[in-house]
Every structure is written in C-alpha cells, then in structure tokens.
Amino acid sequence: MSTAVLFDRYGTSDELYGADVSVPTPAPGEVVVRYTAIGVNPIDWKLLGGGLRDLVPLDLPGGCLGVEAAGVVVDVGPGVRRFEVGDAVIRHGRPGTYRQYEAVPAAQEADELTPQPGRFSAEQAAVLPVAAGTAYSALVQVGLRAGERLLVHGASGGVGLAAVQLARLIGAEVIGTASAQHHLLLRRLGATPVAYGDGLLGRLAPLGPFDASVDCAGGPQPTETAAELVRSRARRVTVSWDPGARAGDVPHLEHVPLELAATLDLIGHSAFELPVAARFPLAQAAEALDLGRKGGLGGKIVLLPGAAAPTDRLPPPAPGSSGPAS
Ligand SMILES: NC(=O)c1ccc[n+]([C@@H]2O[C@H](COP(=O)([O-])OP(=O)(O)OC[C@H]3O[C@@H](n4cnc5c(N)ncnc54)[C@H](OP(=O)(O)O)[C@@H]3O)[C@@H](O)[C@H]2O)c1
C-alpha cells in the first residue's frame, strides 16, 4: 500500500485527507513512478477551491492535486522503450501528484514525463515545470532577445524568480517588482528590484524604456504599468488568470509545446536555481497549501513523500544546499 492525499469536494485545505491506496500496476505504454519530491503551486489551491473547474475538470470524489513532481521509475509497462527502472524523471501537467506512486503515460507526445538532468536535486527538479516552464513560454511569447530590457511583475514568486534568471541567461537586463523583503534576493540574481504599491509607475518610468514585460502577479497595477511602459502589445504577457489583464491589453500566456524540455535546454549547466522556502511531509499537504496561499515566501514549497510525518515543518536546508539529491 501507499499514501495519496485526496479530496472529495471543492473547498479549503480542510477537505484534504490521507488515503491508503494500492501501488499501481503500469498499463501498456505507462511507467510507475515513486515520487521523491512534489512541487506546490497556486493552481493547487485554485483547483481545490473549485474556481478552475470549467477549465480543469477533476474526478470527484477522490480528486488529487499537484501538477509537478520528481521521482524514480519503479515499474515499466509493456511497450515502453523510453524509460527503464531506476531512471530519474520529472512529472508535469495533469493534476494528480500529491501521492507516493503514480502510473504515468511514458510517451514523449503525452508530455507528462521528462528525463531529469543529473545536475538537479530531486527538489529542484520537482519545482521546475510550473515556475521555469511557464517563465520560459512567457519569454518566448514576448520574443525576448539579448541586450533588451525586461520588466517582470511579481519577480519574487516562483514564476517571477524563474523569469528573472532565464531572462538573464538570454542576456537581457531585468527590472523586477517585489516587496522590499525580497529585493536582496533579486539583486543577487542580477535584477534591479522595485517595490510595488502606490507610485509604482513613477518609480518604474525612469528605469525604462522597456522592450517587453512579463506579469506574474496579476491585478490592475501590473496591467496598467505594463501597458504604459511597453509600447508593443505583442511584447507584453501575463501568466495570471486575472481577466482584467486581457481587458487592459496584456495578452494571456500560451504555453509552447514540450515546454519543460525546451526550458531545460536553455538552463543547461548554468547556475539556475529556484529557492525552496519550505518543506513539508506529504501528509502535511494542507499546511503547505495554507502557507503558499498566504504568499510572501520568496521561493517554492516542496512536499516530501518519503518523510515521516512529524508534527512540525521540516527545517530549511543549510545555505547553498538545495535539498536531498535524487
Ligand atoms: N498561466 C499559467 O499556466 C500559470 C502558470 C504558473 C502560475 N500561474 C499563475 O501566476 C501567478 C504567480 O504564480 P507563482 O507560482 O509565481 O506565485 P507566487 O510564488 O505566490 O508569487 C506571487 C508573486 O506576486 C507578488 N505580488 C503580490 N502582490 C503583488 C503586487 N501587487 N504587485 C506585484 N507583485 C505582487 C509576490 O511578491 P512578494 O512575495 O514579494 O510580495 C510574489 O512575487 C499565480 O496567480 C498563478 O496561479 C499561471
């Protein structure tokens, strides 16, 4: 048997419960993956709340959150040649990773599994798909080139921190909005931080002109300042679901095909890393969701399915460490 964190109806994190489930057997074309780290994202609490039910319908009761994880292949179904037992993989896409084991389609066209490059720890690999993949698609959409100046709203969140680093890898200059507590982090990553809030346009305008913008925050202020400071509509994008952005002339993101593989190509062997701000055992997924929803973390949250379920949050890693290697 193994553990999965499930829910039977839309609501708050109180709906989540741990269930004993069988370790799956792979169908033809599938592999079974044992997860070593699972990424937590805003879409998880948005799905749980039911606000996205038309866009991403879930099978309830027994729904499972989680759209990214890293793990190891432990069983291979008939007809699979792409993976072998023992391969480290990254799972991404369809919800369902808040569990210890999962049967996943192995074909590249299914785009749910990508080989995990050896240079990443399991934790880093688990948090790459949503943050880095989304940031990559956003930079492709605005056509960012070396030597250009990019405005990133919400630069200290998961997607924003990835956008800052990928833009720097492309060779762009980056100005990023964030709360003051995260300005040092942004400076370390090579961006110029600017505090959001009243008077933002006045603070940003002298740092322009901007060639392109990526909004990872949503809301009127990011929309208005992007529309004001980036001349071409095609060079603005928002990853937020906020309908006001589209009305305010900031187009919504369209993900590129095989996004994670392309993102990993750009990252290569660079120093790209997403800070992990908190770790929880899988059994404490509800607590992890509540912390993420509160915001202000300056990094990602990771669930560790292998961790026993102590009552406390796991301590942060020592500086310079990105957690357990896979
Ligand atoms: N379309 C897609 O496929 C897709 C993919 C991924 C994410 N998303 C969406 O994109 C958004 C960001 O995701 P995430 O994972 O990066 O979230 P996150 O880690 O929670 O980050 C949120 C960011 O917003 C910043 N922020 C809050 N209020 C702001 C304001 N008024 N002005 C500027 N920045 C502000 C926060 O800054 P401080 O912490 O410094 O206050 C933080 O940097 C979420 O809404 C998520 O649902 C969409």
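Just follow the structure's listing: the first ligand is 1, and inside any ligand the first atom is 1. Below, each value reflects all heavy atoms present in this structure, side chains not excepted, and no hydrogens, waters or symmetry copies.
Every atom of ligand 1 is numbered from 1 in the order shown, and the set under 4.0 Å from a heavy atom of Gly154 is 24 (O), 25 (C), 33 (C), 34 (N), 43 (O). Per-residue contacts place His255 under 4.0 angstrom from the following atoms of ligand 1 (heavy atoms of the residue considered): 2 (C), 3 (O). Residue Cys216 has at least one heavy-atom neighbour below 4.0 Å for each of these atoms of ligand 1: 11 (C), 12 (C). With ligand atoms numbered from 1 in the order given, ligand 1 contributes 33 (C) to contacts under 4.0 Å with heavy atoms of Thr177.
Between the side chain of Thr97 and the main chain of Glu68, a donor-acceptor pair closer than 3.5 Å is present.
Counting non-hydrogen atoms of neighbouring residues, nucleotides and ligands closer than 6.0 angstrom, the CD atom of Glu254 reaches no more than 12 such neighbours.
Residue contacts with ligand 1, taken as heavy atom pairs separated by less than 4.0 Å, do not involve Gln181 at all.
Leu291 has its side chain out of reach of Val40: every pair of non-hydrogen atoms, C-beta onward, lies at least 4.5 Å apart. Taking the side chain as every heavy atom from C-beta outward, Leu161 and His182 never approach each other to under 4.5 Å. Taking the side chain as every heavy atom from C-beta outward, Phe7 and Ser13 never approach each other to under 4.5 Å. With contacts defined as side-chain heavy-atom distances shorter than 4.5 Å, the pair Gln100/Arg34 does not qualify. At a threshold of 4.5 Å between non-hydrogen side-chain atoms, the residues Thr12 and Asp290 do not count as touching. Within the 4.5 Å cutoff, side-chain heavy atoms of Leu304 are placed close to those of Glu123. Arg91 is listed as a side-chain neighbour of Leu113, based on a closest heavy-atom distance under 4.5 Å.
Considering backbone and side-chain atoms alike, Thr134 places every N or O at 3.5 Å or more from each N or O of ligand 1. By the 3.5 Å distance cut-off applied to N or O atoms, Trp241 is counted among the residues near ligand 1. Checked against a 3.5 angstrom limit, the closest N/O atoms of Leu297 and ligand 1 fall outside it. Taking distance alone, with nitrogen or oxygen atoms compared against 3.5 Å, Ile43 stays at or beyond that limit from ligand 1. When only interatomic distances are considered, the shortest N/O to N/O separation between Gly160 and ligand 1 does not fall below 3.5 Å. Checking only distances, Ser240 never comes within under 3.5 Å of ligand 1, N or O to N or O. Ligand 1 has no nitrogen or oxygen under 3.5 angstrom from a nitrogen or oxygen of Val130. Polar contact with ligand 1: absent for Lys300 (N/O pair, distance under 3.5 Å).
Scanning all protein heavy atoms for the shortest distance to atom 31 (N) of ligand 1 gives Tyr196 CD1, 3.6 Å. Nearest to atom 17 (O) of ligand 1 among the protein's heavy atoms is Pro42 CG, 3.5 Å. Nearest protein heavy-atom neighbour of atom 7 (C) of ligand 1: Val159 CG2, 3.8 Å. Regarding atom 36 (C) of ligand 1, its nearest protein heavy-atom neighbour is Ser156 OG, 4.0 Å. Atom 9 (C) of ligand 1 has its closest protein heavy atom at Val239 O, 3.7 Å. Regarding atom 19 (O) of ligand 1, its nearest protein heavy-atom neighbour is Gly158 N, 2.9 Å.
For the ligand labelled ligand 1, residue Gly296 lies inside the 4.0 Å heavy-atom shell. Using a non-hydrogen distance threshold of 4.0 Å, Lys46 registers as a contact of ligand 1. Heavy-atom separations between His153 and ligand 1 are all 4.0 Å or longer.
Leu289 CG to Leu303 CG: the interatomic distance, rounded to the nearest 0.5 Å, is 7.5 Å.
No side-chain donor-acceptor contact under 3.5 Å links Glu259 and Tyr136. Of the N and O atoms on the side chains of Asp44 and Tyr98, at least one donor lies less than 3.5 Å from an acceptor on the other residue.
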Checking side chain to side chain contact (heavy atoms under 4.5 Å, CB included) for the pair Val152/Cys216: CA distance, chi angles, key distance, verdict? CA-CA 7 Å; Val152 178; Cys216 311; 4.2 Å; yes
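The option with the heavy atom closest to atom 21 (O) of ligand 1, from among Ala138, Gly133, Gly157, Ser137, is Gly157.
Paired with His153 under the rule side-chain hydrogen bond (donor to acceptor under 3.5 Å, both in side chains), one option of Asp215, Thr177, Thr223, Thr238 passes, and it is Thr177.
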